[in-house]
Amino acid sequence: MPRVTSGMDMNGKIAALLRDFAAIQKSKQRMWGYKRAAGAILTLEEPIESFLQPDGTLRKIPNIGPSSARVILEVLQTGSSPTVEKAISESGQTGDIERRRDLRGHFLSRAQVLAALRNKTLTGPRLEDYRGDLQMHSTWSDGSQSLEDIIETGIARGYSFSAVTDHSYGLKIARGVSMAQLAQQHHEIDRLNRKHRGAFRLLKGIEANIRADGSVDMEPDELDLLEIVVAAPHSALRVATDQTARMVKAVTTRGVHILGHPRGRKYGSRPGVTADWRKVFKAAVRSRVAIEIDGDPSRQDLDYELARGAVEAGCLFALDSDAHSTGELRYAETAVAHARLAGVPVDRIINCWPLEQLLQWAAELRIKN
Ligand SMILES: [Zn+2]
């Protein structure tokens with residue numbers, strides 16, 4: 001029986017403490033050192049306990065220096081880190097640290113992701129059910145992977161399709177693509193699809209931005225040029241005011257297929273949108289818009305807890321990597337793990353549908369169909 005994720009996640013606990021420790025460092029170098037150590041722990045494939053040697057020392061872990069190793073050993077031996085806690089209370093930043101701690105709910109470490117994928121007692125999708133990734137960024141906006149890279153890596157992962165969803169022109173900060181660039185990109189996608197015919201289909205997508213009023217930053221005739229429209233919030237992600245109306249409007253906007261990273265939260269730093277999610281989910285069910293589980297480890301948005309509400313409401317789901325480089329395509333596994341923990345039925349996951357079914361649904365949601 002593999003380790004279940006309901007137990008104490010030491011990797012997550014230790015990484016969080018190292019992030020706390022990083023946040024109170026005065027030297028930039030030390031701050032980066034502890035942050036890097038936290039990242040190394042979060043990406044370990046095994047529980048940290050398995051690195052403990054019989055003599056009480058820790059097996060070598062890349063990017064973990066001696067002072068991070070000391071914190072890890074303290075936690076493994078006592079369940080907490082007096083070194084970190086003492087430093088926090090002496091730093092005068094207790095309030096800030098408490099706030100950061102509240103923003104790490106329901107995040108999975110890589111070891112927990114792999115445990116959830118292995119855990120046969122969970123229902124929900126298996127990795128083998130996953131046919132393609134529907135949110136990804138390329139060199140056409142803020143990604144480092146070419147369209148060809150996306151196709152080749154997708155094929156290597158056993159996918160039969162994927163969507164490239166570069167940022168829309170409204171999001172200047174993420175080098176959003178202009179409509180002229182998009183036309184060129186579509187020309188390139190057509191060429192690549194001819195080349196890979198029968199083996200792989202790259203879908204023409206976009207990640208449109210949800211404005212403060214819930215409208216999407218593209219015109220209806222522009223949305224109509226796309227096969228997959230992900231709409232996602234990138235502003236007002238730190239305010240506590242209710243934004244239910246904004247999100248309901250986004251999921252009922254004609255031409256939108258997927259509500260991407262619905263909250264826009266970030267690990268330990270940003271709470272994201274506050275809304276009555278049951279209302280948003282019900283609106284999404286009515287318009288047949290899929291709710292995304294974004295697998296970027298720093299997002300994990302929705303997480304399994306909130307996703308259970310979307311399952312109950314009857315939502316469709318998209319499980320995406322939000323990859324900006326080929327190495328990040330595996331982030332889809334984080335999304336699959338959350339879906340397993342939430343018990344999302346496979347037939348409600350659009351990434352698990354045959355391509356024809358996906359295209360049919362996508363066409364029905366388009367403005368002119
Ligand atoms: Zn985004």
Side-chain angles (χ1 to χ4, degrees), residues 1-22 32-81 83-84 101 104-130 153 156-158 267-268 293-300 303-305 319 321 323 325-342:
M1 188 65 195
R3 293 178 63 85
V4 288
T5 46
S6 55
M8 168 56 79
D9 173 30
M10 272 298 181
N11 297 28
K13 180 174 181 163
I14 288 170
L17 277 167
L18 290 169
R19 287 289 288 247
D20 290 344
F21 210 14
W32 283 114
Y34 291 122
K35 257 192 152 173
R36 196 177 54 200
I41 300 294
L42 283 177
T43 52
L44 286 180
E45 306 223 319
E46 298 296 327
I48 185 77
E49 294 91 322
S50 67
F51 287 80
L52 202 54
Q53 304 181 107
D55 66 355
T57 60
L58 208 56
R59 198 146 46 88
K60 180 86 189 122
I61 304 171
N63 291 327
I64 302 288
S67 45
S68 296
R70 200 177 318 125
V71 171
I72 295 168
L73 283 172
E74 276 182 4
V75 180
L76 289 178
Q77 283 154 8
T78 70
S80 67
S81 171
T83 305
V84 175
R101 286 178 172 176
R104 298 196 187 108
H106 310 300
F107 278 90
L108 302 176
S109 65
R110 177 73 180 159
Q112 277 187 304
V113 167
L114 295 178
L117 295 177
R118 283 193 304 259
N119 187 342
K120 290 195 170 61
T121 65
L122 296 172
T123 57
R126 298 165 308 161
L127 224 42
E128 306 90 273
D129 299 320
Y130 191 81
T153 314
R157 291 183 63 83
Y267 177 78
I293 297 179
D294 185 311
D296 179 327
S298 69
R299 291 188 180 275
Q300 308 196 25
D303 61 66
Y304 59 90
E305 185 73 17
L319 312 182
S321 68
S325 64
T326 51
E328 293 178 358
L329 259 77
R330 69 170 189 174
Y331 291 174
E333 295 164 19
T334 310
V336 172
H338 278 277
R340 289 178 65 77
L341 291 167

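Remember, it's a predicted structure, so these values are computed and weren't measured experimentally.
For the atom pair OG1 (Thr153) and CZ (Arg330), the distance works out to 13.5 Å, reported to the nearest 0.5 Å. The CD atom of Gln112 lies 8.5 Å from the NE2 atom of His338; values are rounded to the nearest 0.5 Å. Taken to the nearest 0.5 Å, the CD atom of Glu49 stands 11.0 Å off from the CG atom of Leu58. Taken from NZ in Lys35 to CZ in Phe21, the straight-line distance is 15.5 Å, to the nearest 0.5 Å.
Using a 4.5 Å cut-off on side-chain heavy atoms (C-beta onward), Leu52 and Leu73 make contact. Using a 4.5 Å heavy-atom threshold, the side chains of Val84 and Val75 count as separate.
Under the rule for a side-chain contact (heavy atoms from CB on, under 4.5 Å), the partners of Ala335 that lie at least two apart in sequence or sit in another chain are Ile293, Leu319. Partners of Arg104 according to the side-chain hydrogen bond (donor to acceptor under 3.5 Å, both in side chains) rule, which considers only residues two or more places apart in sequence or in another chain, are Asp20. Here Ser68 pairs with Leu18, Tyr34, Ala37, Ile64 under the side-chain contact (heavy atoms from CB on, under 4.5 Å) rule; sequence neighbours left out. Checked against salt bridge (Lys or Arg N to Asp or Glu O under 4.0 Å), Arg126 has the following partners two or more places apart in sequence or in another chain: Glu128, Asp129. For Glu328, the side-chain contact (heavy atoms from CB on, under 4.5 Å) partners two or more places apart in sequence, or in a different chain, are Ala323, His324, Ser325, Tyr331. A search for side-chain hydrogen bond (donor to acceptor under 3.5 Å, both in side chains) contacts involving Asn11 returns nothing, not counting sequence neighbours. With sequence neighbours excluded, the residues that form a side-chain hydrogen bond (donor to acceptor under 3.5 Å, both in side chains) with Ser109 are Asp9. Judged as a side-chain hydrogen bond (donor to acceptor under 3.5 Å, both in side chains), and not counting sequence neighbours, the contacts of Tyr304 are His106. Residues satisfying the side-chain contact (heavy atoms from CB on, under 4.5 Å) test with Gln53, not counting sequence neighbours, are Asp55, Thr57, Arg59. Every salt bridge (Lys or Arg N to Asp or Glu O under 4.0 Å) that Glu333 has, sequence neighbours left out, goes to Arg110, Arg157.
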Quick one: side chains of residues 40-47, donor-acceptor pairs under 3.5 Å with protein atoms, not counting sequence neighbours, listed by atom name and distance.
| unit_1 | atom_1 | unit_2 | atom_2 | d |
| --- | --- | --- | --- | --- |
| Thr43 | OG1 | Gly39 | O | 3.0 |
| Thr43 | OG1 | Ala40 | O | 3.1 |

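For the pair Thr334 and Gly295, the tightest heavy-atom approach, listed with the atom from each and the gap, is CB-O, 3.3 Å. Of all heavy-atom pairs spanning Ala38 and Ala15, the tightest one is CB-O, 3.5 Å. Contact detail for Ser81 and Val71: the closest heavy-atom pair is OG-CG1, 3.8 Å. Contact record, Asp294 with Asp296: OD1-N, 3.0 Å, taken as the closest heavy-atom pair. Across Leu341 and Ala116, no two heavy atoms sit closer than the pair CG-CB, 4.2 Å.
Shown here is Arg70, whose CZ atom has no more than 12 heavy atoms of other residues, nucleotides or ligands within 6.0 Å.
Counting only residues at least two apart or in different chains, ring pair (Phe, Tyr, Trp, His ring centres under 6.0 Å) contacts with residues 36-63 are absent.
Remark: side-chain polar atoms of Gln77 are not paired, donor with acceptor, to backbone N or O of Glu74 under 3.5 angstrom.
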